[in-house]
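Okay, so here's the structure we're looking at.
Note that this is a predicted model, so its numbers are computed, not measured. Values reported hereafter were calculated over all heavy atoms of this structure, with side chains retained and with hydrogens, waters and symmetry mates removed. Below, read A as the first sequence line, B as the second, and so on, with proteins coming before strands; counting in each chain starts at 1.
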Amino acid sequence: TVTYNTVIWGFCQQGLANQAFGLLSEMVKKCIDIDSFSCNILLEGFCRIELLKYAQWVKDNLENGGVFGNVISMNILIHAYCKAGEMNYALELMEKMEKEGIFPDIITYNTLIHGFCKTGLFIKAKDLIDKISVSSHNEEGDALVKIDDTKPNLITYTTLISAYCKRQGLEEALSLYEEMVKNGFLPDVVTYSSIIYGLCKHGKLTEAKLLLNEMGKMGVDPNHVTYTILVDLLLKAGNASEAVVLHGHMITRGILFDTVVYTSLIDGLFKTRKSYEAEEIFGLLTKLNIVPNCFTYTVLIDGRSKLGHISGAQSALKEMEERRLVPN
RNA sequence: GCGAUCUCGAGAAG
């Protein structure tokens with residue numbers, strides 16, 4: 001079962017949930033148990049390629065076959081609805097699961113809070129946090145049973161802080177940060193990165209750099225995302241020399257360079273009239289084992305087009321299609 | 001005895 005699940009997982013990661021689904025019948029034929037892991041891996045696979053209805057269908061069928069979902073299955077579906085902005089369906093699902101005796105956990109709540117934030121419903125997000133912050137009681141109302149694992153955690157706070165940084169004021173984000181620390185949660189690299197992102201977007205680059213130093217002192221190492229935020233903004237703000245310094249730190253500290261890091265660099269270089277360097281980096285990607293994605297090519301096409309290099313832009317488009325990337 | 005598979009938060013383009 002675990003072997004099959006691992007293969008199913010592999011297909012799903014590649015966006016091939018349909019083929020993964022085919023393995024289920026093979027399992028049935030060979031009398032290999034299908035468990036809730038098989039179910040959840042597949043559900044996530046269909047959700048990731050946005051075949052939400054199909055995921056639902058698979059789940060219903062598995063349940064008819066005696067394989068029952070759990071809270072994770074529901075979280076996967078709720079997450080998919082949130083991602084699609086269908087908060088009503090997401091909430092409906094949560095009610096449904098409660099009726100079936102599957103209780104939401106903190107991941108369910110975090111998923112919903114993220115969904116609310118993404119659709120701008122901050123009030124609802126806040127309401128939900130308030131609701132899960134109070135101690136739960138057992139059925140007798142004995143106020144004895146405290147269900148701690150549905151109380152807000154670091155991720156709950158970080159979700160909201162990040163959303164505030166993007167869509168509300170920085171002040172709200174920072175006061176929430178203080179509240180979080182007061183409640184005993186120490187920020188991790190994601191929390192710090194979110195705030196650094198907010199500071200950068202509000203033009204507070206000095207503060208952002210200060211925070212970068214502070215997190216190091218607190219024993220939280222910045223990672224490739226943290227650096228991308230800063231390098232991207234420094235470069236695009238015309239502060240190439242500082243961007244280069246940080247880029248150097250990334251190298252000396254052995255930070256991972258992924259497709260996003262490079263795409264951001266290429267874009268920043270094009271936008272600051274350094275197309276030669278931009279092209280140079282793009283040319284190196286294959287050697288560096290970096291697979292350019294749709295974003296990367298759009299940046300390249302945009303950069304070349306705006307310089308009047310139409311044929312270069314066209315060849316980039318062609319190359320993209322050769323790589324079986326679908327232009328959007 | 002231990003070990004393989006599932007769900008939540010941060011970054012790039014138009």
note: A:Asn5, atom CG; B:rU5, atom C1'; distance rounded to Å ~ 6 Å
Across the strands shown, which category fits A:Asp35 at heavy-atom distances under 4.0 angstrom: base, sugar-phosphate, nothing?
-> nothing
Candidate nucleotides B:rA12, B:rG14, B:rC6, ranked by approach to the side chain of A:Tyr197 - the nearest | B:rA12
Between A:Glu178 and A:Lys182, does at least one N-O distance fall below 4.0 Å, as a salt bridge requires?
-> no
Mind checking which stems touch RNA chain B? I mean at least 3 consecutive Watson-Crick or G-U pairs, both distances under 3.5 Å.
-> none
For A:Asn70, report the nucleic acid contact type (base, sugar-phosphate, nothing); a contact means any heavy atom under 4.0 Å.
-> nothing
For the side chain of A:Thr298 and the base of B:rG14, is some donor closer than 3.5 Å to an acceptor across the two?
-> no
Near-ring test A:Phe122/A:Phe116, centroid separation under 6.0 angstrom = no
Donor-acceptor pair present, A:Asp258 side chain and B:rG11 base, under 3.5 Å | yes
Nearest whole angstrom, please: distance from the P of B:rC6 to the CH2 of A:Trp9.
-> 7 Å
Is the gap between the ring centers of A:Tyr262 and A:Phe295 under 6.0 Å?
-> no
More than 12 non-hydrogen atoms from neighbouring residues, nucleotides or ligands closer than 6.0 Å to NZ on A:Lys118, yes or no?
-> yes
Which of these nucleotides, B:rG9, B:rA13, B:rA10, is closest to any side-chain atom of A:Thr191?
-> B:rG9
So what does A:Ser193 touch, heavy atoms closer than 4.0 Å: a base, only the sugar-phosphate, or nothing?
-> base
Length of the line joining A:Ile301:CD1 and B:rG14:P, which is rounded to integer Å = 13 Å
Between B:rG9, B:rA12, B:rG11, which one does the side chain of A:Lys166 approach most closely?
-> B:rG11
Winner on side-chain proximity to A:Thr111, out of B:rA10, B:rG9, B:rC8, is B:rC8
Atom pair distance, as rounded to whole Å: CE in A:Met27 and P in B:rU5 = 16 Å
Salt-bridged, A:Lys126 to A:Asp130, with N to O below 4.0 Å?
-> no
Nearest-angstrom distance from the residue atom CG of A:Asn223 to C1' of B:rG11 | 9 Å
What does A:Val190 touch in the nucleic acid at a heavy-atom separation under 4.0 angstrom: a base, only the sugar-phosphate, or nothing?
-> base
Of the candidates B:rC6, B:rC8, B:rA13, the side chain of A:Ile41 sits closest to B:rC6
With a non-hydrogen cut-off below 4.0 angstrom, is A:Ile72 in contact with a base, only sugar-phosphate, or nothing?
-> base
Any donor-acceptor pair under 3.5 Å joining the side chain of A:Thr159 to the base of B:rG9?
-> no
Length of the CE-P vector between A:Met215 and B:rG11, whole Å = 14 Å
Out of B:rG11, B:rG14, B:rG9, which has the shortest distance to the side chain of A:Asp302?
-> B:rG14
Using a cut-off of 4.0 Å on non-hydrogen atoms, how would the nucleic acid contact of A:Asn153 be classed: base, sugar-phosphate, or nothing?
-> nothing
Listed nucleotide nearest any side-chain atom of A:Lys236, set B:rU7, B:rA12, B:rA10 = B:rA12
Could you work out which one of B:rU5, B:rG11, B:rC8 sits closest to the side chain of A:Ile155?
-> B:rC8
Answer yes or no: is there an ion pair linking A:Lys99 with A:Glu95, defined by an N-O contact shorter than 4.0 Å?
-> no
In sequence, state the C-alpha distance, the side-chain angles, and the governing distance for A:Asp267 and A:Lys236, and then conclude on side chain to side chain contact (heavy atoms under 4.5 Å, CB included).
-> CA-CA 9 Å; A:Asp267 187 45; A:Lys236 285 173 187 167; 2.8 Å; yes
Hey, does A:Ser36 have a side-chain heavy atom less than 4.5 Å from the side chain of A:Ile72?
-> no
Please determine, for the side chain of A:Ile229, which listed nucleotide (B:rU7, B:rA10, B:rA12) has the closest atom?
-> B:rA10
When all nucleic acid strands are considered with a 4.0 Å heavy-atom cut-off, which category describes A:Asp105: base, sugar-phosphate, or nothing?
-> nothing
Ring centres under 6.0 angstrom apart (A:His202, A:Tyr197) = no
For A:Ser264, report the nucleic acid contact type (base, sugar-phosphate, nothing); a contact means any heavy atom under 4.0 Å.
-> sugar-phosphate
Distance, rounded to the nearest Å, where A:Ile78 contributes CD1 and B:rU7 contributes P = 15 Å
Considering only side-chain heavy atoms of A:His224, which listed nucleotide, B:rG11, B:rG14, B:rG9, is closest?
-> B:rG11
Answer with base, sugar-phosphate or nothing: what part of the nucleic acid does A:Val71 contact at a heavy-atom distance below 4.0 Å?
-> nothing
Whole-Å distance separating the NZ atom of A:Lys59 from the C1' atom of B:rC6 = 14 Å
